[in-house]
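Take a look at the structure below.
Naming convention: chains lettered A, B, ... in sequence-line order (proteins, then strands); numbering from 1 in each chain. A quick note: this is a predicted structure, and the numbers were derived from the prediction, not measured.
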Amino acid sequence: MSVQITEDYSHKDVETAAQQYWREHNSFRVSADPSRPKFYCLSMFPYPSGRLHMGHVRNYTIGDVISRFQRMRGKNVLQPMGFDAFGLPAENAAIKNNVPPAKWTYENIDYMRGQLQQLGYAYDWERELATCHPDYYRWEQWFFTRLFEKGLVYKKEAEVNWDPVDQTVLANEQVVDGKGWRSGAVVERRKIPQWFLKITAYAQELLDDLDKLDGWPERVRVMQQNWIGRSEGLEFQFDVAGRDDKLTVYTTRPDTIMGVTYCAIAAQHPLALDAAKNNAGLAAFIKKQENIKLAEADMATLEKEGMDSGLRAVHPLTGEEVPIWIANFVLMSYGSGAVMSVPGHDERDHEFARKYGLPIKQVIKPADGSDVDIQKAAYTEHGILVNSREFDGLNFEQAFAKLVAHFESKGTGRKTVNFRLRDWGVSRQRYWGAPIPIINCAACGAVPVPEKDLPVLLPVDVEFDKSGGSPIKKMREFIDCSCPKCGGKAERETDTFDTFMESSWYYARFACARYEGGMLNKSDVDYWLDVDQYIGGIEHAILHLLYSRFFHKLMRDEGLVSTDEPFKRLLTQGMVLKDGAKMSKSLGNTVDPEAMIEKYGADTARLYMMFTSPPDQSLEWSDAGVDGSYRFLKRLWKLIGGFKAGSVKVDAPALNDAQKDVRFKTHATIKKVTTDYDQRQVFNTAIAAVMELYNEVTKFAGGNDIQDGAQNQAVVQEALEAMVLLLAPIVPHACHVLWNHLGKQGAIIDAKWPAFDESALVQSKVNIAAQVNGKLRAVLELPADVTKEQVEQAAFADETVKKFMAGMSVKKVIVVPGKLINIVAG
RNA sequence: GCCGGAGUGGUGAAAUGGUAGACACGACGGACUCAAAAUCCGUUGCCCUUAAAAGCGUGUCGGUUCAAGUCCGACCUCCGGUACCA
């Protein structure tokens, strides 16, 4: 099928023709070819929620633009696509519509695949994968059993949100204002045994390797660094008066230890529970803490509340007794669940002390000798120790070292490195996920499922009830099994994996998506990995990207991959917002791109998404503006369609001034657009630059007969070719057709990216801004090779400049060559 | 609360410390048309003005600099994340 260019722009005909060509030629199918440089471009795969939303269109257009650009630069480009198919929304849909999650998910995948194909993305569809497919999750199960053997997973009790009415575990998202979203019951916390991956064993490496990621945005690296949160401090113990217990605490400020006026412990701390045994008030206070949602944001914004436990800690240096308070801001899951409190030099401790009338003691003063009133506000800077006996006069570093030495010599404390990062809890009490491949045997304990019995298949023929509980938890035929070790009766684990598990290694599986001999095929992986360019939403800056980095290191240590980091370069696209909030299924404010594609076509949709804001900024959706992108495509179509391709080459020395100007603009545009695609990764300015070139060409064509004068035609042909090549990654369908209309053989996807001609960029004149006291007063047109003295001469001769300097004497003159002169006068 | 980011015309935005508002959208005026749509041409930061010229102007306040949207300090508002949404 071919498209007649003489007709008006019909996006349907154009897009059908281009997509048919790509399909018939298998244009985007790739394989490892060590003789060619590769480029692996990956966009974060979607959750199959039903339909694509604008965030997807934006994300995948960015990836496709980069992929097509790299292909034109001569790379063997891998761009795959798949579906992050396990997750909570499928279960919600199951309850709501009475349809099994698997059916719902696979139908959504089929629909969304069609939408992606409509948008003309250059994917190698042979590699498509869905994480809910046993061929995928079987390897994840296998890998988990390997980690089990290596001691990198363990089981421990951890808290969950519990809905006492529906008798089910709730995700944080399902707890609204402290109540279960379906039942409305006040949530409780409940402790259940869960599996953890030892990400903390890799904390130091995850931190150190951030330095290698120079292709990542600084903000993401900083966020990860803060999330890992390495600190050095002192761990030591308080004796508890009248008891054998010790109270272990960690502090990054041992220099403030003489300022301790109380200790604070978590409500779940063993000492707290013990103290509550014969104190009804305490028991009630502890009980109240169980009705708080398990989210850091909720806990950290709570009004700080506490209660004296009645127990007293013995200060290890002074022997003084200080009260032990139970406080709602101390979390059992962090460190030891207990802290020393120094209200004079810690804001949170200060607030708490003021509220409950606890003493505030100054032990640090500013190094510059100035006074601070610590009764009014905590002084949290490093300074000089006071009221600290033999430590008086020391600075932070000296005090730190001396106190560590003191405790270490007595054997009651030690210097430790602490991480904020906690081990990764991967157990979910949900149905729609990969079954955790563990069998619980009364005699042998937790036993991993042997490799020959993998995968543990998730039953897909299930029914949900309104409570939202996982159906496999009641399914005896799933649960009952025999122990692989002793052969006795045993029960299968019914928890499933956190869905972050699947998304932590899919990038590697794409290199060998159909490989059946193992989790990964080394030769494919070694050719394609690392991912050269990864693109996804900024909301994944921490969790997904940190878990993937961790998994990559786990796979490296298993010998599956050869590198240290999965993603060389990262582009974090901003949110697509609607009415000021993130467009998301859960908020119900999504805009379906389908209507836009139907009315305007994929090229317009792509152009609009790329033109309307730079990729890393959030984009406020509006329907207005799409029309403008469509009109530009129509104008481009008309301009090129009305042009008769010729074969006359540009004869640079023979050009007149107007022709030279067109040629200058063409090559300046190639230069700018190439930088925008390659280094800056901003596409809105690249498009604007091509629009400027369009405007220049139409202006030129309006005043010159481009079909008659041979060089007129030659410079216009050169400009039009550049425009089509430069826009090809963004609007590939239209450019596919226009390319051949310009007399070019072959498909534009196989054309070479244009190079600019430095000699075309040489200009004879420059505009120099003339300022007086920093304010623009004139623009001087001067020869390009003008000297500093000549610039000054011209500026001082200018009438407007003279006027603004009347009666003043020159104090200083600054000349920025080729740009600007600033005369400082007064 | 904590960590990270953003704030520029009516709107989306542009600007290696060096001419603020490129490129678009919208609006207004005009051409074409019986008329409308489409298309084409022009104007368009604010203020004063017939016009020219001047003045003001990048969330707020202060600072550094010959020069600040850009750098520094304090603050305000909004957005993302906050470990079971993905």
Which is true for [X] with a 4.0 Å heavy-atom rule: it touches a base, it touches only sugar-phosphate, or it touches nothing?
| X | result |
| --- | --- |
| A:Phe500 | base |
| A:Ser427 | base |
| A:Gln194 | base |
| A:Arg422 | base |
| A:Pro614 | sugar-phosphate |
| A:Gln225 | nothing |
| A:Leu421 | base |
| A:Val160 | base |
| A:Ala295 | sugar-phosphate |
| A:Trp227 | base |
| A:His544 | nothing |
| A:Ala541 | nothing |
| A:Glu539 | base |

Expressed as a whole number of angstroms, how long is the span from [X]:[atom1] to [N]:[atom2]?
| X | N | atom1 | atom2 | value |
| --- | --- | --- | --- | --- |
| A:Ile542 | B:G5 | CD1 | P | 12 Å |
| A:Asn172 | B:U82 | CG | P | 9 Å |
| A:Lys665 | B:C23 | NZ | P | 8 Å |
| A:Arg219 | B:G5 | CZ | P | 8 Å |
| A:Leu546 | B:U82 | CG | P | 12 Å |
| A:Glu692 | B:G21 | CD | C1' | 13 Å |
| A:Lys672 | B:C23 | NZ | C1' | 10 Å |

If only side-chain N and O atoms count, and only distance matters, is there a donor-acceptor pair under 3.5 Å linking [Y] with [X]?
| X | Y | result |
| --- | --- | --- |
| A:Trp216 | A:Tyr534 | no |
| A:Asp423 | A:Thr200 | yes |
| A:Ser183 | A:Asp166 | no |
| A:Arg680 | A:Thr685 | yes |

Partners meeting side chain to side chain donor-acceptor pair (under 3.5 Å) with A:Tyr600 (sequence neighbours left out):
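Partners of A:Tyr600 under the side chain to side chain donor-acceptor pair (under 3.5 Å) test: A:Asp627.
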Mind checking what makes side chain to side chain donor-acceptor pair (under 3.5 Å) contact with A:Gln224, not counting sequence neighbours?
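Applying side chain to side chain donor-acceptor pair (under 3.5 Å) to A:Gln224 gives A:Arg549.
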Which residue, A:Thr685 or A:Val222, contacts RNA chain B at a nucleotide closer to its 5' end, judged by nearest heavy atom?
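Going by which nucleotide is closer to the 5' end, it is A:Val222.
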Of A:Asp423 and A:Ala689, whose closest RNA chain B nucleotide lies nearer the 5' terminus?
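It is A:Ala689, whose closest nucleotide lies nearer the 5' terminus.
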Please classify the glycosidic conformation of B:G9 as syn (within 90° of 0) or anti (everything else).
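This nucleotide is in syn.
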With [X], which residues qualify under ring pair (Phe, Tyr, Trp, His ring centres under 6.0 Å), at least two apart?
| X | result |
| --- | --- |
| A:Phe664 | none |
| A:Phe611 | none |
| A:Phe683 | A:Tyr677 |

Report, as a single string ordered 5' to 3', how protein heavy atoms within less than 4.0 Å touch nucleotides 6-12 of chain B: B base, S sugar-phosphate only, - not at all.
------B
Taking N or O atoms only and anything under 3.5 Å, show me the protein contacts with nucleotides 65-67 of chain B, one pair per line.
{"unit_1": "B:C66", "atom_1": "O2'", "unit_2": "A:Asn822", "atom_2": "ND2", "d": "3.3"}
{"unit_1": "B:C66", "atom_1": "O2", "unit_2": "A:Asn822", "atom_2": "ND2", "d": "2.8"}

Distances for protein N/O vs nucleotides 52-56 of chain B N/O pairs under 3.5 angstrom?
{"unit_1": "B:G55", "atom_1": "OP1", "unit_2": "A:Arg777", "atom_2": "NH2", "d": "3.3"}
{"unit_1": "B:G55", "atom_1": "OP2", "unit_2": "A:Arg777", "atom_2": "NH1", "d": "3.3"}
{"unit_1": "B:C56", "atom_1": "OP2", "unit_2": "A:Lys775", "atom_2": "NZ", "d": "3.2"}

Under 3.5 Å: donor-acceptor pair, side chain of A:Asn328, backbone of A:Glu303:
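Such a contact is found between A:Asn328 side chain and A:Glu303 backbone.
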Taking only nitrogen or oxygen atoms into account, show me every contact under 3.5 Å that the protein makes with nucleotides 38-44 of chain B, one pair per line with its distance.
none

If the cut-off is 4.0 Å, is A:Asn767 near the phosphate of B:U19, judged by side-chain N/O to OP1 or OP2?
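No, because none of the side-chain N or O atoms of A:Asn767 sits under 4.0 Å from OP1 or OP2 of B:U19.
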Please list, chain by chain and in numerical order, all residues satisfying salt bridge (Lys or Arg N to Asp or Glu O under 4.0 Å) with A:Glu347, sequence neighbours excluded.
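By the salt bridge (Lys or Arg N to Asp or Glu O under 4.0 Å) rule, A:Glu347 matches no residue at all.
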Suppose we screen for salt bridge (Lys or Arg N to Asp or Glu O under 4.0 Å). Which residues come up paired with A:Glu381, at least two apart in sequence or across chains?
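None.
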According to the interplanar angle, ranging from 0 to 90°, do the rings of A:Phe86 and A:Tyr137 count as parallel (below 30°), tilted (30 to 60°) or perpendicular (above 60°)?
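Because their plane-to-plane angle lies in the 30° to 60° range, the rings of A:Phe86 and A:Tyr137 count as tilted.
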Pairing stems for RNA chain B [at least three consecutive pairs; Watson-Crick or G-U; under 3.5 angstrom]
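Ordered by first number, the stems with RNA chain B (at least 3 consecutive pairs each) read B:1-7 with B:76-82, B:10-12 with B:23-25, B:26-31 with B:39-44, B:59-63 with B:71-75.
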